[in-house]
Amino acid sequence: QVQLVESGGGLVQPGGSLRLSCQASGFSFRTWAMTWVRQVPGKGLEWVSSISKGGETSGYADSVKGRVTISRDNTRKLLYLQMNNLKPEDTAVYYCARYPFEAYSESWYRERDPDYRGQGTQVTVSS
């Protein structure tokens with residue numbers, strides 16, 4: 001079965017960095033575009049970034065553009081999210097997700113749930 005397991009979250013001060021990882025299993029990772037989304041209590045999922053099957057194409061939400069880099073290692077079935085210059089508004093639970101389509105702009109992800117997502121990893125940005 002499809003499994004996505006995130007790690008790497010934690011408490012960081014504003015301006016700090018974190019690298020999130022997602023270990024995928026149970027499906028052919030290299031044949032799927034992958035996505036990071038985040039969620040704060042009481043709100044829906046917010047698209048953060050997506051990357052193509054081979055990693056050549058990526059897209060970022062305006063709120064994180066220039067501060068975040070998505071990447072993947074298809075040999076090891078790993079998805080990454082490098083986050084720099086973190087801000088308090090980045091505080092959320094971050095999920096690795098697989099959607100049934102491939103897209104790189106926010107409009108595609110509004111009010112659409114992924115087919116699969118992990119259990120999430122908490123990122124807290126606070127001084």
Side-chain angles (χ1 to χ4, degrees):
Q1 69 278 22
V2 173
Q3 282 197 311
L4 300 168
V5 180
E6 301 92 340
S7 60
L11 173 63
V12 63
Q13 292 188 341
S17 297
L18 282 174
R19 188 196 198 199
L20 306 184
S21 299
C22 171
Q23 181 68 64
S25 62
F27 67 105
S28 182
F29 182 72
R30 65 177 65 246
T31 66
W32 288 87
M34 294 298 295
T35 295
W36 286 98
V37 294
R38 65 187 182 186
Q39 189 173 31
V40 298
K43 292 193 174 182
L45 292 176
E46 178 190 8
W47 176 70
V48 176
S49 180
S50 296
I51 189 168
S52 61
K53 307 176 188 66
E56 306 89 352
T57 303
S58 59
Y60 300 92
D62 288 343
S63 58
V64 303
K65 200 171 291 182
R67 302 186 296 116
V68 163
T69 302
I70 191 170
S71 61
R72 64 192 297 164
D73 182 338
N74 283 344
T75 300
R76 298 171 63 196
K77 296 187 177 184
L78 284 164
L79 180 71
Y80 300 106
L81 190 71
Q82 176 68 44
M83 301 191 295
N84 301 322
N85 190 23
L86 283 161
K87 303 177 180 181
E89 51 264 42
D90 294 318
T91 296
V93 178
Y94 284 72
Y95 299 94
C96 167
R98 197 187 87 178
Y99 282 79
F101 56 85
E102 185 172 342
Y104 306 99
S105 61
E106 185 176 4
S107 59
W108 282 90
Y109 295 90
R110 287 183 195 143
E111 299 182 3
R112 285 180 170 175
D113 289 331
D115 283 351
Y116 297 96
R117 59 169 163 156
Q119 84 290 347
T121 186
Q122 176 71 48
V123 172
T124 302
V125 185
S126 175
S127 54

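The figures here come from the full heavy-atom set of this structure, side chains too, leaving out hydrogens, waters and symmetry mates. Values in this document were obtained by computation on a predicted structure and should not be read as measured data. Residue indices begin at 1 and follow the sequence shown.
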Problem - Glu6 CD to Tyr94 OH distance, which is reported to the nearest 0.5 Å - result: 12.5 Å

Fill in the blank from the handout: What one should report as the nearest heavy-atom pair of Leu18 and Val123 is CD1-CG1, 3.8 Å

Practice task
Decide whether Tyr116 and Val37 are clustered together by the hydrophobic rule: side chain heavy atoms of Ile, Leu, Val, Met, Phe, Trp, Tyr closer than 4.5 Å, transitively.
Solution key: no

Handout entry: N/O donor-acceptor pair under 3.5 Å between Asn74 side chain and Lys53 backbone
Key = yes

Handout entry: From Thr35 atom OG1 to Tyr104 atom OH, the distance as rounded to the nearest 0.5 Å
Key = 8.0 Å

Exercise for the section: Report yes if the side chains of Val40 and Thr91 come closer than 4.5 Å at any heavy-atom pair, otherwise no. Expected result: no

Handout entry: Side chain Ser58, main chain Ser50, donor-acceptor under 3.5 Å
Key = no

Practice task
Give a yes or no answer on whether the side chain of Gln119 reaches the backbone of Val5 with a donor-acceptor pair at less than 3.5 Å.
Solution key: no

Handout entry: Heavy-atom pair with the smallest gap, counting every atom of Pro114 and Arg98
Key = CB-O, 3.5 Å

Exercise for the section: For the pair Val64 and Trp47, evaluate side chain to side chain contact (heavy atoms under 4.5 Å, CB included) and give the outcome as yes or no after the intermediate values. Expected result: CA-CA 10 Å; Val64 303; Trp47 176 70; over 6 Å; no

Handout entry: Sequence-distant partners of Ser25, side chain to side chain contact (heavy atoms under 4.5 Å, CB included), two or more places apart
Key = Gln3

Practice task
Mind listing the closest non-hydrogen atom pair of Ile70 and Tyr60 along with its distance?
Solution key: N-OH, 2.9 Å

Practice task
May I ask you to say whether Lys65 pairs ionically with Asp62, meaning some side-chain N is under 4.0 Å from a carboxylate O?
Solution key: yes

Problem - Backbone of Arg110 reached by a side-chain donor or acceptor of Glu106 within 3.5 Å - result: no

Fill in the blank from the handout: Value for CZ (Arg117) from OH (Tyr99), rounded to nearest 0.5 Å, stands at 8.0 Å

Problem - Side-chain heavy atoms of Asp90 within contact of Arg38, under 4.5 Å - result: yes

Fill in the blank from the handout: To the nearest 0.5 Å, atom CD of Gln13 lies from atom CG of Leu86 at 11.5 Å

Practice task
Evaluate the side-chain proximity of Phe29 to Leu79: yes if any heavy-atom separation is below 4.5 Å, no if none is.
Solution key: yes

Handout entry: Heavy-atom closest pair, residues Ala97 and Met34
Key = O-CE, 3.5 Å

Fill in the blank from the handout: Shortest non-hydrogen pair, Thr121 vs Gly9, comes out as OG1-N, 3.0 Å

Practice task
Please check if atom CZ in Arg112 has more than 12 non-hydrogen atoms from other residues, nucleotides or ligands closer than 6.0 Å.
Solution key: yes

Exercise for the section: Give a yes or no on whether the backbone of Asn85 and the side-chain of Arg67 come within a donor-acceptor separation of less than 3.5 Å. Expected result: yes

Exercise for the section: Treat each ILVMFWY residue as a node, draw an edge where side-chain heavy atoms are under 4.5 Å apart, and state whether Phe27 and Ile51 are in one component. Expected result: yes

Exercise for the section: Taking the side chain as every heavy atom from C-beta outward, state whether Glu46 and Gln39 have any atom pair closer than 4.5 Å. Expected result: no

Practice task
To the nearest 0.5 angstrom, please state how far the CG atom of Asp73 sits from the OH atom of Tyr80.
Solution key: 5.0 Å

Completion exercise
For Pro14 and Ser127, the nearest pair of non-hydrogen atoms, with its separation, is CD-N, 3.7 Å

Problem - Pairwise side-chain contact, Val12 with Met83, heavy-atom cut-off 4.5 Å (strictly under) - result: no

Exercise for the section: Measure the acute angle between the ring planes of Tyr109 and Phe101, then classify it against the limits of 30° and 60° as parallel, tilted or perpendicular. Expected result: tilted

Handout entry: Within-4.5 Å side-chain heavy-atom neighbours: Tyr95 and Val93
Key = yes

Fill in the blank from the handout: In this structure, OG of Ser7 is separated from CZ of Arg19 (nearest 0.5 Å) by 9.5 Å

